[in-house]
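The block underneath contains the structure these notes are about, expressed in structure tokens.
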Amino acid sequence: MSFTVIIPARLASTRLPNKPLADIAGQPMIVRVAQRAALSGAAQVVVATDAPEVAAACAAHGVRALMTRADHPSGSDRLAEAVEQLRLADDAVVVNVQGDEPLIAPAMIDACAATLEAQLDCVMATVAHTLTDVAEFSNPNVVKLVTDKAGRALYFSRAPIAWWRDGAGAPNQALRHVGLYAYRAGFLRRFPTLAVSPLEQIESLEQLRVLWHGERIAVHVSNERPGPGVDTPDDLERVRRLIKA
């Protein structure tokens with residue numbers, strides 16, 4: 001199986017300015033992410049950015065970067081432009097690795113791509129893991145999802161789902177969503193033309209646009225939790241300690 005990893009990266013961040021360029025043990029975070037992705041089975045790893053500073057940092061460390069427009073409303077739109085620049089075939093598999101995941105597991109990237117490759121009726125694939133912590137289950141910042149019997153996503157929500165009526169709100173076979181996506185390139189080309197869905201606006205979850213328009217998302221349930229991402233200065237310090245250890 002051949003697939004391409006694209007890492008969208010922009011400098012604008014309210015909680016951690018210039019996040020892609022944050023130093024982690026002597027290297028910019030975006031370079032750390034690209035290096036982890038390169039350990040997967042990807043045929044190529046490309047950063048898609050709107051910032052010359054990010055492109056320059058990538059070039060200095062031998063990471064390929066594409067310059068994309070600054071007005072993209074989402075990472076998926078930025079990926080769509082990158083797909084055009086790369087001239088990928090419509091059936092090519094593209095994995096979107098977030099630029100703030102410097103500890104992303106290469107095996108999880110491979111599993112996400114393989115799940116989409118195996119589910120020909122799906123335009124996307126993503127990853128989840130079992131959620132057992134009650135606090136996480138009720139936390140709106142932790143996205144939950146439910147699937148059908150074939151492992152396709154039925155719904156994503158910030159609310160606790162599926163709600164265990166007789167379990168006093170405790171998670172029961174609940175799944176936590178991991179923000180790792182694989183797409184077919186042809187669907188990425190079409191994604192920017194899809195109308196924003198009401199559910200997407202309510203939950204602030206872009207993947208609900210895909211389900212709302214009747215498309216299918218395959219889900220790989222991992223036995224492992226992903227490494228911590230970086231959203232805040234505290235997250236950054238934690239990742240720095242883990243990498244130095």
Side-chain angles (χ1 to χ4, degrees), residues 5-8 15 33 36-37 40 74-76 79 93-116 118-119 122-164 169-184 187-188 191 194 196-232 235:
V5 167
I6 303 179
I7 307 168
R15 289 185 288 182
V33 176
R36 293 291 290 174
S40 72
S74 72
S76 298
L79 260 68
V93 172
V94 175
V95 179
N96 175 5
V97 173
Q98 300 298 320
D100 55 8
E101 298 283 347
L103 296 176
I104 185 73
M108 193 172 285
I109 298 172
D110 291 337
C112 189
T115 298
L116 182 58
Q119 296 275 7
C122 295
V123 296
M124 284 177 59
T126 191
V127 178
H129 65 80
T130 303
L131 194 161
T132 57
D133 184 87
V134 175
E136 288 188 337
F137 189 52
S138 60
N139 185 347
N141 294 317
V142 174
V143 177
K144 280 71 66 174
L145 75 154
V146 290
T147 68
D148 65 13
K149 68 177 182 179
R152 297 175 300 226
L154 288 172
Y155 193 65
F156 298 81
S157 183
R158 298 183 182 279
I161 58 171
W163 182 259
W164 186 16
N172 182 13
Q173 301 182 23
L175 294 175
R176 177 177 185 166
H177 181 229
V178 177
L180 179 67
Y181 298 100
Y183 305 80
R184 300 194 193 282
F187 176 71
L188 266 176
F191 180 84
L194 299 179
V196 174
S197 78
L199 293 174
E200 173 187 1
Q201 293 177 314
I202 291 169
E203 296 258 21
S204 190
L205 295 174
E206 184 182 282
Q207 61 269 38
L208 291 177
R209 186 188 315 183
V210 180
L211 299 181
W212 193 77
H213 283 279
E215 300 289 0
R216 291 174 170 173
I217 301 175
V219 180
H220 168 70
V221 179
S222 174
N223 293 323
E224 298 182 12
R225 295 173 65 101
V230 177
D231 289 316
T232 67
D235 294 336

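- The minimum heavy-atom distance between N139 and N141, with the atom names listed, is OD1-N, 2.9 Å.
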Could you check Q207 against T126 for side-chain contact (heavy atoms from CB on, under 4.5 Å), going step by step and ending with a plain yes or no?
CA-CA 10 Å; Q207 61 269 38; T126 191; over 6 Å; no
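- Closest of all the heavy-atom pairs between A218 and Q119 is CB-CG, 3.6 Å.
- Remark: D133 engages no residue in a salt bridge (Lys or Arg N to Asp or Glu O under 4.0 Å) (not counting sequence neighbours).
- When all heavy atoms of V123 and L116 are compared, the pair lying nearest together is C-CD1, 3.8 Å.
- Using a 4.5 Å heavy-atom threshold, the side chains of R158 and V143 count as touching.
- Not a single donor-acceptor pair under 3.5 Å links the side chain of S40 to the backbone N or O of R36.
- Listed by chain and number, the residues in a salt bridge (Lys or Arg N to Asp or Glu O under 4.0 Å) with E206 amount to none (sequence neighbours excluded).
- In this structure, the separation between CG on L175 and NE2 on H129 is 9.0 Å, given to the nearest 0.5 Å.
- Residue V127 comes nearest to S222 through the heavy atom pair CG1-CB, 4.1 Å, listed as atom of the first residue, atom of the second, then distance.
- Counting only heavy atoms from C-beta outward, the side chains of S157 and L145 never approach each other to under 4.5 Å.
- Residues passing the side chain to side chain contact (heavy atoms under 4.5 Å, CB included) test with L154 are V146, D148, sequence neighbours excluded.
- Taking NE2 from H213 and CD from E200, the interatomic distance works out to 8.0 Å, rounded to the nearest 0.5 Å.
- Residues V97 and L180 meet the side-chain proximity criterion, which asks for heavy atoms closer than 4.5 Å.
- With sequence neighbours excluded, the residues that form a ring-ring contact (aromatic ring centres under 6.0 Å, His included) with H177 are F156, Y181.
- The two atoms that bring A174 and I161 nearest to each other are CB-O, 4.1 Å, heavy atoms only.
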Take M124 and F191 through the side-chain contact (heavy atoms from CB on, under 4.5 Å) test and state the conclusion after the steps.
CA-CA 11 Å; M124 284 177 59; F191 180 84; 5.9 Å; no
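- How far OH of Y183 is from CD1 of I217: 8.5 Å, rounded to the nearest 0.5 Å.
- Environment of CD in Q201: crowded, with over 12 heavy atoms of neighbouring residues, nucleotides or ligands closer than 6.0 Å.
- No donor-acceptor pair closer than 3.5 Å links the side chain of T130 to the backbone N or O of N223.
- Inter-residue side-chain proximity for E215 and F187 is flagged as met; some heavy-atom pair is nearer than 4.5 Å.
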For residues 101-115, dump all side-chain donor-acceptor pairs below 3.5 Å to protein atoms at least two apart in sequence or in another chain.
{"from": "D110", "atom 1": "OD1", "to": "G41", "atom 2": "N", "distance (Å)": "2.7"}
{"from": "T115", "atom 1": "OG1", "to": "A111", "atom 2": "O", "distance (Å)": "2.8"}

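- The side-chain heavy atoms of F137 and T132, taken from C-beta on, include no pair separated by under 4.5 Å.
- One finds the CG atom of L211 at 9.0 Å from the CG atom of L199 (value rounded to the nearest 0.5 Å).
- Atoms OG and CG, on S74 and L79 in that order, are 8.5 Å from each other to the nearest 0.5 Å.
- Listed by first and then second residue, the salt bridge (charged side-chain N to carboxylate O under 4.0 Å, His left out) pairs that reach into residues 171-184 are E136-R176, sequence neighbours excluded.
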